[in-house]
Amino acid sequence: MVAICSGIQSYYSSIAAAADIYRSVSSACACAPTRGSLLRRSISNSKVMASDHASQGLPSGMDPSMLDEYASQSKLLQEFFKIPSIGKAWIFNSKNENTSRAMVSIGQSDLLANKKRNFLLNSHISKSTSKSVSFQWSPFPIEMNGVSAVVPSPSGEKLLLVRNAEDDSPTKFEIWGPCQLENEIHIAQSIHGSLYTDGWFEGISWNQEETFIAYVAEEPPQPKPEFNGSGYRKEASSQKDCKSWKGQGDWEDDWGETYSKKRIPALFAANISSGEVRAVNGITRSLSVGQVIWAPSSSYSLVFVAWSDDNGFQETPRKLGIKYCYNRPCALYAAPDPFKEDADKQSTDSNQGDTTAIVKLTAELSSAFFPRFSPDGKYLVFISAKSSVDSGAHNGTNSMHKIDWPADGKIEGSFSVNDVVPIIASPQLGCFPGIYCSGLLRFPWLSDGRTMILSSYWGSKEAILSVNVASGEVLRVSPQDSDYSWNVLALDNNNILAVSSSLVTPPQIYYGFEASQIDKSCHWDWQGIPSPFPKLSDKVSSLLVNHKFSVLKIPISNASDKLPDGAKLPFEAIFVSCKDSASSPTIVVLHGGPHSVYPSSYSKSLAFLHAQGYNLLVVNYRGSLGFGEEALQSLPGNIGSQDVNDVLTALEFVIKKGLVDASRVAVVGGSHGGFLTTHLIGQAPETFVAAAARNPVCNLSLMVGTTDIPEWCFLEIYGKEGKSCFTESPSADMLTQFYQKSPISHISKVKTPTLFLLGAKDLRVPVSNGLQYARTLKERKVETKTIVFPEDMHGLDKPRSDYESFLNIGVWFKKYTSK
Ligand SMILES: CC(=O)N[C@@H](C)C(=O)N[C@@H](C)C(=O)O
């Protein structure tokens with residue numbers, strides 16, 4: 001034992017010695033060896049310690065010098081993982097207008113089960129005439145164990161619980177009444193597989209009469225070639241026959257990241273009382289469907305979104321990744337309800353391959369999704385990402401449109417589409433920046449039947465908007481003077497149930513009473529609702545209490561005249577500062593996409609890092625959502641330069657204001673945020689003392705041949721031309737350009753200790769990208785630590801992986817930002 005200890009001693013002493021030398025030298029002259037190189041020399045000895053790790057039973061790679069830090073941080077992080085998150089909510093009116101009932105879905109990470117557990121919490125709402133409201137929460141939540149989807153009926157008198165099977169057993173529908181199970185439907189896998197609950201293809205919708213449910217589920221398993229002792233069996237059998245086996249058959253494209261194990265999304269309807277299930281006919285397998293709703297009485301009672309297989313840049317018949325990708329062409333279609341008599345007659349036609357059964361409603365638009373009928377059925381309103389499809393950028397500024405729905409329900413083909421809210425190119429400062437919508441309520445309408453309430457990004461914040469689909473007027477409903485983010489949860493007639501939070505302040509539920517103003521415009525008085533959740537532990541509260549939080553406007557440094565006005569507007573950075581920020585270490589946090597945004601809403605992982613005593617500088621560089629289309633489109637073709645400079649400009653902004661200690665800055669980012677992180681430690685090697693990257697894009701010439709979105713490399717490197725020059729096999733010149741614009745082209749200058757967090761099942765930025773970069777750093781004796789999560793995909797969002805990722809980020813940054 002002693003020997004080992006002395007080894008440890010000498011190890012620590014060499015560290016300490018090195019550090020003392022460092023401290024003394026660095027202050028002397030600039031040419032002194034950097035802190036890193038001194039430490040590296042000493043730490044590289046750590047390899048010899050590996051055997052000691054094992055002998056001390058320490059996990060491989062565990063740095064003994066940070067053991068206590070690891071232990072204390074792991075304990076604190078558990079506190080943050082216990083804080084539940086608010087999911088969806090529904091409000092059911094009751095006969096007495098002063099009362100209503102609410103149902104809220106709650107999520108909580110379960111590290112032991114490595115899954116997110118979902119609960120339902122109910123509340124009775126009583127509203128007094130004096131515009132005050134009280135919520136009587138039910139004493140305990142009900143766990144939705146094994147429940148994949150919760151879908152109340154429009155009247156709130158029925159509740160559908162969907163139980164997807166994890167094996168070959170049937171999918172189950174439970175239809176609950178107010179106090180008993182009214183019906184249970186078991187659907188065999190030969191009819192269809194699991195219902196989609198991914199928030200994109202997902203669609204489960206009651207008809208108005210609450211007698212049928214239309215939904216999107218995996219198509220039934222497709223026939224595979226079957227063989228037995230005498231070879232190929234011409235007539236395949238559904239019966240299990242122990243003497244035969246199934247082959248693979250032809251390989252088929254899939255929708256990439258997170259969808260590789262899913263079968264094609266198809267449309268079905270179920271009769272609630274008989275339990276009969278029918279497929280909606282006339283939809284070929286080249287169309288993947290989603291987001292189905294019921295149309296007001298018409299021969300075509302189902303409206304849904306569909307994406308065709310040939311959605312490549314050249315409309316080549318090839319599925320590309322669709323997760324986080326709004327640039328996939330899609331349209332609204334209508335189809336007859338398969339239970340309607342005449343539908344049967346028609347379907348026989350369709351079996352002869354005639355697809356007249358379904359009608360494309362939005363042929364003139366390249367993108368249409370989130371369809372919603374106005375309460376009187378006169379309008380079919382929907383969101384479009386045509387800016388994204390037409391430009392090729394994977395996300396962009398949305399627009400809103402409407403179709404006048406024929407009163408007689410007669411559908412004779414595509415409709416003329418009217419604009420409701422256009423794409424905003426360059427917003428006036430502080431004015432409406434356009435719609436950036438990631439979802440709509442099932443019933444988003446105020447009682448005037450013309451005003452829709454939705455959540456959308458407004459700069460670095462999420463805001464609640466009202467959109468009058470008749471006039472196109474857009475108003476910000478959530479408080480204007482707040483940098484907090486606001487999200488609509490549900491509507492209670494014209495009152496709004498919402499949730500508000502900041503990056504490090506957990507969500508708080510609010511109830512907004514509609515109050516008409518003199519100028520007839522609506523505004524809402526917001527009342528905080530006592531949270532049903534347990535208070536933050538004193539320890540967590542004490543660590544978060546002194547924070548300051550503001551959204552900084554960062555002016556563009558020496559903007560080129562060629563830039564459109566919208567791209568010259570200041571971009572934003574969210575700054576969360578500790579009590580004495582100038583003497584605290586700072587973490588620069590970078591979102592991916594790049595056409596995404598890091599909003600000011602609560603993030604348990606960033607709250608954990610801030611609680612560790614770090615300032616946070618979350619940079620929403622140009623290209624982010626929420627700032628108008630011109631700013632967004634200024635990035636494609638300039639990645640690795642404009643975005644990198646925006647981050648350095650934001651950091652310089654807070655350094656010049658004396659808000660941060662420039663010698664203790666770390667940087668973290670995932671995917672394109674990892675692209676920026678590894679570019680920054682290469683292009684600005686003196687600026688960052690530590691870095692962490694989640695599935696980073698480090699080498700586009702490697703990514704283009706391995707990712708499910710190869711066109712992303714073309715679009716972000718070449719800009720709009722990327723759409724026309726995309727090819728499955730880029731030329732050597734193209735690969736060279738991809739390499740030169742990649743972080744790996746600057747790797748020779750990197751000396752920042754870097755932590756890599758990689759998902760082995762990542763189809764978006766396959767693990768080879770980050771591993772190549774990490775191995776090269778190791779080869780160059782730069783301090784690295786790499787954790788590969790074998791079961792994780794691009795998002796690393798399994799609870800244990802998320803936990804271990806941020807625990808290691810916390811310890812890694814503590815090690816290298818400590819004075
Ligand atoms: C469109 C897309 O997935 N781009 C990746 C390179 C990326 O950065 N993805 C984001 C959403 C991420 O954070 O993973």
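Start at 1 and go down the list; that is how both ligands and their atoms are numbered. All values derive from a computational prediction rather than experimental measurement.
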Worksheet entry | Distance-only donor-acceptor check, side chains Ser308 and Asp310, under 3.5 Å | yes

Worksheet item: Can Ser600 and Asp483 be counted as having a side-chain donor-acceptor contact under 3.5 angstrom?
Response: no

Between the protein and ligand 1, are there any N or O atom pairs that come within less than 3.5 Å of each other, and if so, what are their names and distances?
residue, atom, partner, partner atom, Å
ligand 1, 3 (O), Arg764, NH1, 2.8
ligand 1, 4 (N), Gly593, O, 2.9
ligand 1, 8 (O), Gly593, N, 2.5
ligand 1, 8 (O), Ser671, OG, 2.8
ligand 1, 8 (O), His672, N, 3.0
ligand 1, 9 (N), Ser671, OG, 3.3
ligand 1, 13 (O), Arg694, NH2, 3.0
ligand 1, 14 (O), Arg694, NH1, 3.2
ligand 1, 14 (O), His794, NE2, 2.9

With [X] via salt bridge (Lys or Arg N to Asp or Glu O under 4.0 Å) - residues at least two apart:
| X | value |
| --- | --- |
| Arg622 | Asp646 |
| Lys116 | none |
| Glu629 | none |

Worksheet item: Is there side-chain contact between Val667 and Leu590, with heavy atoms separated by less than 4.5 Å?
Response: yes

